[in-house]
Amino acid sequence: MASQRKQPKPGKPKGKARTVYVLNGPNLNMLGLRQPEIYGRETLADVEALCRAAGDRLGLDIDFRQSNIEGELVGWIHEARTAAVGIVINAGAYTHTSVALLDALNAAEKPVVEVHLSNVYRRESFRHHSYISQAARGVICGFGPKGYVLALEALAEIV
Ligand code: DQA
């Protein structure tokens, strides 16, 4: 599937005051199947459920999305400028390649927390550099899906 996007719940206006965009990049739709020895057995739907539970606890409205398309992620980041109070992003491999995502995150002018499921510093050297870290308030990596919860906790304090 190229992209997954949840529609807002009926009766819930889009772009609420405490909406956080949780954006996931390429191949994260394969979580649970993809290299489970690195990424674990939990699926992206499990990660989304964790984020929603954390959002309820923290008073944040979670808009959770995944795309394999760089330009779609850029568009969502632009949208976040007006529709969200902050962004949690796991950009997948685009982390290590995408100046476009860095530029979009800078243009969004919202607090950003970068997340990686795996500890990228224990892996190949090409994963040690992140373009998007320059736009991030903080980076969380190596704690699996719990990293998303930690990122939301950090954002809840900032916003
Ligand atoms: C990842 C790490 C990236 O290097 C990789 O390309 C991914 C997932 C992580 O969550 O650990 O797709 O962002």
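Ligands are counted one by one from 1 in listed order, and the atoms in each one are counted from 1 as well.
- Within 6.0 Å of the CD atom in Q134, the count of heavy atoms belonging to other residues, nucleotides or ligands does not exceed 12.
- When only interatomic distances are considered, the shortest N/O to N/O separation between V115 and ligand 1 does not fall below 3.5 Å.
- Between E157 and R137 there is no salt bridge, since no side-chain N of the basic residue sits under 4.0 Å from a carboxylate O of the acidic one.
- Residue contacts with ligand 1, taken as heavy atom pairs separated by less than 4.0 Å, involve L117 via backbone and side-chain atoms alike.
- Nearest protein heavy-atom neighbour of atom 5 (C) of ligand 1: R127 NH1, 3.3 Å.
- With respect to Y148, the side-chain contact (heavy atoms from CB on, under 4.5 Å) criterion is satisfied by exactly one of I140, N24, I62: N24.
- Contact between R34 and ligand 1 is present, with at least one heavy atom of the residue lying under 4.0 Å from the ligand.
- Annotation: H96 places an N or O atom under 3.5 Å from an N or O atom of ligand 1; distance criterion only.
- With atom 13 (O) of ligand 1 as the reference point, the heavy atom nearest to it among E124, H116, M30 is part of H116.
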- Mind running side-chain hydrogen bond (donor to acceptor under 3.5 Å, both in side chains) on E70 and S98 for me, showing each step along the way? CA-CA 8 Å; E70 188 176 18; S98 181; 2.5 Å; yes
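- Minimum heavy-atom separation, N68 to P26: OD1-CA, 3.2 Å.
- Nearest to atom 8 (C) of ligand 1 among the protein's heavy atoms is Y39 OH, 3.5 Å.
- In this structure, N27 has no heavy atom closer than 4.0 Å to ligand 1.
- Residue contact check for ligand 1: V120 places a non-hydrogen atom closer than 4.0 Å to it.
- The nearest heavy-atom contact from the protein to atom 11 (O) of ligand 1 is S118 OG, 2.6 Å.
- Taking CZ of R127 as the start and OG1 of T95 as the end, the distance is 9.5 Å to the nearest 0.5 Å.
- Heavy-atom contacts from other residues, nucleotides or ligands closer than 6.0 Å to CZ of R122 number 12 or fewer.
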